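What follows is a short report on a single structure.
All values derive from a computational prediction rather than experimental measurement. Residue numbers start from 1 in every chain, and the chains themselves are labelled A, B, ... in the order their sequence lines are given, proteins ahead of strands.
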Number of protein chains: 2
Amino acid sequence: MANDNLGPYFALIYEVGIINQIGTAFLEARLPGDLLVSHFGVVSHLIRVCDGATPMELARAFQVAKTTMTHTLAGLEKHGFVEMRPNPGDKRSKQVWLTPAGQQFRDDALTQLAPLFEALGERFSSERVAAMLPDLAEFRSVIDRLRDEMK
Amino acid sequence: MANDNLGPYFALIYEVGIINQIGTAFLEARLPGDLLVSHFGVVSHLIRVCDGATPMELARAFQVAKTTMTHTLAGLEKHGFVEMRPNPGDKRSKQVWLTPAGQQFRDDALTQLAPLFEALGERFSSERVAAMLPDLAEFRSVIDRLRDEMK
DNA sequence: TGTTATTGGTGCGATGTCGTACTATACAGT
DNA sequence: ACTGTATAGTACGACATCGCACCAATAACA
């Protein structure tokens, strides 16, 4: 592959980086003071994917170091949004369970975010976004596997 | 807009976050020890877009805080990859100019990265990536403007 | 069963990023 | 010209993330 074809890959990395920056800043500006997108992400994952996940499962889901997830979970626990219980199937491990306060936090955040997505939807429809997702997800899956193989 | 349509937006943020994580880790693993993707990005920008850019232009291009760009540029300067000169048109400002060593750094990095993109290209063609770019760029542009308006 | 390698989680130090405050310069309105 | 406001860059402190080292528990295997 000649260097002339590298352009698109770098352009993708660039766009993804910028969107991530703006998106994170956008969301965090509408989240209660000391809560970050990472906190919101974990709570959402517990609701949408599976409650009672282990810290390692969460770290893998968000592709962050396990120490980072420990830190994020400690913050959520301090706010009383999650509860750490021992994992009945593995004494090394734990399970992360959402509390009612955690549910409430997510509901409130969604309410705060609603007007933002309202405005966004008028300029870039959710259908268009949905149409972009399969390719993005496949690309993510490809580099994810590539990463494991080159480990 | 009902909440059922929020899904795609969150999914996009999620995918973008993961791709950013994996992509950054991937690139950084192949960059000389203490150089980061942010350094590579700045040098690339100076080559591809415009040499002699001001720190603020760079900060805006990558959507990072200006203090972050100061830090990144200090690193590049310490390595002798860029040179800071006074901006002839504005005494508050500076200009960032690439040195031959900076050029060399970028060439070397691209060489290191080549096999990676080789492997990637076999599984996800640069044409497919190129096809994704217009929508991503437009989405980026939309949220960028939205951000300014809500400032 | 005993030994070794692997995995889940945490403590710790290093560092990248950010927000705030500050200085110097530029610009706008009078 | 003068005065208030905005902008470019930096210093500093706060903190999120990471890699490394470590321990406990599990898995692999002889």
A:R128 vs B:D135, side chain to side chain contact (heavy atoms under 4.5 Å, CB included): CA-CA, chis, key distance, verdict: CA-CA 8 Å; A:R128 282 189 69 188; B:D135 274 335; 2.7 Å; yes
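Between B:Q21 and D:dT17 there is no side-chain polar atom (N or O) within less than 4.0 angstrom of OP1 or OP2. Here B:K66 does not reach the OP1 or OP2 of D:dT7: none of its side-chain N or O atoms lies under 4.0 Å away. The phosphate of D:dC18 has OP1 or OP2 within less than 4.0 Å of a side-chain N or O from A:T68. For the OP1/OP2 pair of D:dG9 and a distance below 4.0 Å, the side-chain nitrogens and oxygens of B:T70 include no atom meeting the criterion.
A:Y9 and A:Y14 have their aromatic ring centers separated by at least 6.0 angstrom.
Both A:T54 and B:H39 lie near DNA chain C, and the one whose nearest nucleotide falls closer to the 5' end is A:T54. In terms of position along DNA chain D, the nucleotide closest to A:A65 lies nearer the 5' end than the nucleotide closest to the other residue of the pair A:A65 and A:K91.
A straight line from NZ of A:K78 to P of D:dA16 spans 9 Å, rounded to a whole angstrom. In this structure, B:E77 places its CD atom 13 Å from C1' of D:dT10, rounding to the nearest Å. Going from atom CG of A:L36 over to atom P of D:dA16 covers 5 Å, rounded to whole Å. Between the CG atom of B:L73 and the P atom of D:dA8 there is a distance of 14 Å, rounded to whole Å. Look at NZ on A:K94: it is 14 Å from P on D:dA24, rounded to the nearest Å. Taking atom CG of B:L58 as the reference point, atom P of D:dA8 lies 12 Å away to the nearest angstrom. A straight line from CE of B:M56 to C1' of D:dT10 spans 13 Å, rounded to a whole angstrom. Atom CZ of B:R60 and atom C1' of D:dG9 are 12 Å apart (whole Å).
Between the B:T68 side chain and the B:V64 main chain, no donor and acceptor come within less than 3.5 Å of each other. In terms of modelled atom types and a separation under 3.5 Å, the side chain of B:S141 and the main chain of B:A137 share no donor-acceptor contact. Between the side chain of B:R30 and the backbone N or O of B:F26, at least one donor-acceptor pair lies under 3.5 Å. Side chain of A:S125 to main chain of A:G121: no donor-acceptor pair is present (N/O by atom type, distance under 3.5 Å, no hydrogens or angles).
Evaluation of atom-type donor-acceptor distances gives no pair under 3.5 Å for the side chain of A:R92 against the base of D:dT26.
Nearest nucleotide to the side chain of B:S93, out of D:dG9, D:dC18, D:dA16: D:dG9. Comparing D:dA16, D:dC18, D:dG9 against the side chain of A:T67 picks out D:dC18 as the nearest.
The aromatic rings of A:F105 and A:F81 sit parallel, their planes meeting at an angle under 30°, below the 60° perpendicular limit.
In summary, the side chains of B:D34 and B:H79 do present a donor paired with an acceptor at a separation below 3.5 Å, with no hydrogens or angles considered. Side-chain atoms of A:Q112 and A:D108 form no donor-acceptor pair, as typed in the model, at a separation below 3.5 Å.
As judged by a 4.0 angstrom heavy-atom cut-off over every strand, A:D90 is placed among residues touching the sugar-phosphate backbone only.
An angle of 40°, rounded to 10°, separates the two end axes of the helix from C:dT1-D:dA30 to C:dT30-D:dA1, each defined over five pairs.
A salt bridge is defined here as a Lys NZ or Arg NE, NH1 or NH2 lying under 4.0 Å from an Asp or Glu carboxylate O, and B:E83 with B:R85 meets this definition.
The nucleotide range of DNA chain C contacted by chain B, defined by atoms under 4.0 angstrom from heavy atoms of the protein and reported 5' to 3', is C:dG16 to C:dA26.
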